[in-house]
Amino acid sequence: MMQDVHQLRCTGCARVIALDALKENLRCPECGDLYEVEYPAWSVQSAADSATRPVKRNLPNPSALRWLWKERRTSTELKDQSGVWRFRDLLPILADESNIISLREGNTPLYELPRCAQATGVERLYAKHQGMNPTGSFKDAGMTAALSVAHERGFEWVACASTGNTSAAMAAYAARAGMRSLVLIPEGKIAWGKLSQALDYGALTCQLRTDFDGCVRVLSEVVRRAPVYLLNSVNPYRIEGQKTPALEIAEQLDWQVPDHLIVPGGNLANSSALGKAFLEMKHLGLTDRVPRVSIVQAEGANPLYRSMQANGGRELTAVEAHTRASAIRIGNPASWRKAVKVVEATGGWVEQATEAEIALAKAEIGAEGIGCEPASAVTLVGLKKLLAAGRIDPSESVVLLLTGHTLKDSDYTIQYHRGDLLREEELAPLRPEIEITRRNTVELDADPDQVLRALEKAGRQ
Ligand code: F0G
């Protein structure tokens, strides 16, 4: 992998910068927007540039790549066993492959969802479960990429502000690399599972008396004043790693892309990454079309949804975010412009989900024997709404992107089944649907007769 194979282009003003000219906050000093990695030999943008600037075209051969990526799964080398670096030909961001820091991330399952398929009428319904990654969330795919870059560039410290999953992933990969990590999290607002991971992996974990958006503001000042490498999803190398689930989905469906991909929206990097991947795959001739990428936000943390309704995504007004799906409790998403571009380029939509809709959808995904964390369940809500609006036809194929493992936030699940999660007014519109999915524990004496009676009662239900 050669360092000059890739370049960084501002997604706002389109300026290309030298790789070492990237500022600590990873934003363009001219317009403040985010950078995107592009590969002049084959990137979409370079085709447009080639009129003014001669570009060496070196498009990879799609069939050779498909064969190579499959072949690597049988290799015993770490970089081949990783579901991210197995696709390294589409993310040549390192100068030296020996700098790869990997926990054998990726290669996650694409599950069928037979019960949800029956309930919604969508026969070809799948869940790409990114919660089946080493730290239990989709963040690992981006983290192996960006942390390997940090390692290659000689940083000792890496840092992020997080609603929990990014911090868990960053702390794990930093520990693996023998690096130090600084985590800023909003006090009392992240799930215990995620906090416990950051502690176990040895991060310096600071709980700030603010929300996620406040943590981001503090961290932008910290990175300006201390030599720490920023690993939030504004980091363009995170996006390169987060492209790989899209490659896996295409591979798992035998290179037939689905009609729709539905993704939860928080800071809006994941939707951007998956959209980038599908557009690049089509450009390179690996696939012949792109899925419609739709994004679903929690109703209480819906700045993109509001922006699409109000002005078609031209401007975004930050909101104060409130949702029990704490992973996506974000009011001022950094990558919103990138996400709008993906929705527009692929013909997708932006939807929102209420607290009761999220809770019910999470229980329905759980009942498939899969489970996910609350933020991931917004995807099933989005599917139901897009079907009701006639935007998805039941004959089409749909992939829901599940971002986190159900064990990340077991408090939420237990409260749901106990009936303690939702307030009366939240529950009211979905009470019957929710009641039949609830499975609270049954308290009994240590008596076989009592257990047998419980068994008999359950058998009648
Ligand atoms: N789902 C889960 C489980 C998440 O942890 C996140 C984001 C998202 C969805 C939204 O993805 O931000 O790319 O739109 N979690 C971040 C974090 C913000 O700090 O862990 P996005």
Side-chain angles (χ1 to χ4, degrees), residues 34 127-133 135-143 146 159-172 181 183-186 189-191 193-195 197-198 203 205 211-216 219 230-235 238-239 241-243 245 262-276 293-298 301-305 321 323-340 342-343 350 353 358 362 365 371-380 382 400-409 412:
L34 304 179
K128 176 66 175 167
H129 207 328
Q130 289 298 99
M132 300 298 179
N133 265 299
T135 76
S137 90
F138 74 108
K139 303 289 182 181
D140 294 346
M143 202 49 76
C160 72
S162 179
T163 58
N165 279 327
T166 301
S167 47
M170 181 186 77
S181 62
V183 163
L184 301 190
I185 48 170
K189 292 178 188 142
I190 81 165
K194 303 174 188 180
L195 174 60
Q197 287 179 291
T205 305
D211 55 11
F212 170 79
D213 301 297
C215 291
V216 170
L219 187 58
L230 182 58
L231 278 180
N232 271 88
S233 56
V234 294
N235 187 309
R238 288 260 316 269
I239 304 299
Q242 282 179 216
K243 294 190 309 192
I262 307 182
V263 187
N267 220 11
L268 297 172
N270 199 31
S271 38
S272 319
L274 297 165
K276 184 175 193 273
V293 178
S294 294
I295 301 172
V296 190
Q297 295 196 298
N302 63 353
L304 181 68
Y305 176 80
T323 170
R324 293 182 188 84
S326 56
I328 51 174
R329 191 186 284 155
I330 296 174
N332 190 17
S335 298
W336 71 272
R337 281 206 182 82
K338 287 187 183 183
V340 169
V342 163
V343 169
V350 178
I358 297 172
K362 184 176 129 49
I365 295 168
C372 62
E373 68 168 284
S376 309
V378 299
T379 54
L380 180 57
L400 309 180
L401 206 287
L402 302 185
T403 44
H405 199 282
T406 183
L407 293 177
K408 285 277 189 174
D409 194 355
Y412 180 104

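Just follow the structure's listing: the first ligand is 1, and inside any ligand the first atom is 1. Values below: every heavy atom of this structure, side chains too, minus hydrogens, waters and symmetry copies.
- Protein heavy atom closest to atom 5 (O) of ligand 1, with residue, atom name and distance, is Asn165 ND2, 2.8 Å.
- Annotation: Asn270 places an N or O atom under 3.5 Å from an N or O atom of ligand 1; distance criterion only.
- Taking both residues in full, the closest heavy atoms of Cys160 and Thr166 are given as SG-CG2, 3.8 Å, listed atom of the first, atom of the second, then distance.
- Taking every heavy atom of both residues into account, Leu304 and Ile295 meet most closely at CD2-CD1, 4.0 Å.
- Counting the atoms of ligand 1 from 1 in the order shown, those under 4.0 Å from a heavy atom of Ile330 are 18 (C).
- Counting heavy atoms from C-beta outward, Ser376 and Ile365 have side chains that stay 4.5 Å or more apart.
- Here atom 19 (O) of ligand 1 lies nearest to Ser162 when heavy atoms of Gly265, Ser162, Gly142 are compared.
- Backbone and side-chain nitrogen or oxygen atoms of Ser271 are examined, and none is located within less than 3.5 angstrom of a nitrogen or oxygen of ligand 1.
- Considering backbone and side-chain atoms together, Ala269 places an N or O closer than 3.5 Å to an N or O of ligand 1.
- In this structure, the side chains of Asp211 and Lys189 come closer than 4.5 Å at one or more pairs of heavy atoms.
- For atom 8 (C) of ligand 1, the closest heavy atom belonging to the protein is Ile328 CG2, 3.6 Å.
- No donor-acceptor pair closer than 3.5 Å links the side chain of Asn332 to the backbone N or O of Asp213.
- Close approach to Leu268 involves these atoms of ligand 1, each under 4.0 Å from a residue heavy atom: 12 (O), 13 (O), 14 (O), 21 (P).
- Residue Phe212 has no nitrogen or oxygen atom sitting less than 3.5 Å from a nitrogen or oxygen atom of ligand 1, judged on distance alone.
- Heavy-atom distances between Ile295 and ligand 1 stay at or above 4.0 Å for every pair.
- Nearest to atom 17 (C) of ligand 1 among the protein's heavy atoms is Thr166 OG1, 3.0 Å.
- Looking at Asp140, its side chain does come within 3.5 Å of a backbone N or O of Thr135 through a donor-acceptor pair.
- Geometrically, ligand 1 and Phe138 share no nitrogen or oxygen pair separated by less than 3.5 Å.
- Only the side chain of Ala375 comes within 4.0 Å of ligand 1, counting heavy atoms alone; its backbone N, CA, C and O stay farther away.
- In this structure, CD on Gln297 lies 5.5 Å from CG on Leu268, to the nearest 0.5 angstrom.
- In terms of N/O distances under 3.5 Å, ligand 1 is not approached by Lys194.
- Looking only at heavy atoms of the protein, atom 16 (C) of ligand 1 is closest to Lys139 NZ, 2.9 Å.
- Ser162 places a side-chain N or O within donor-acceptor distance of the main-chain N or O of Ser167, the cut-off being under 3.5 Å.
- With Gln242 contributing its side chain and Ala273 its backbone, the two residues share no donor-acceptor pair below 3.5 Å.
- Partner of Glu373 under the salt bridge (charged side-chain N to carboxylate O under 4.0 Å, His left out) criterion, out of Lys362, Lys408, Lys194: Lys194 alone.
- In Val263, neither the side chain nor the backbone holds a heavy atom less than 4.0 Å from any atom of ligand 1.
- If you number the atoms of ligand 1 from 1 as listed, the ones under 4.0 Å from a heavy atom of Glu373 come out as 3 (C).
- For atom 12 (O) of ligand 1, the candidate residues are Thr403, Thr379, Asn267, Val216; the nearest heavy-atom contact is made by Asn267.
- How far CD1 of Ile185 is from OG1 of Thr163: 10.0 Å, rounded to the nearest 0.5 Å.
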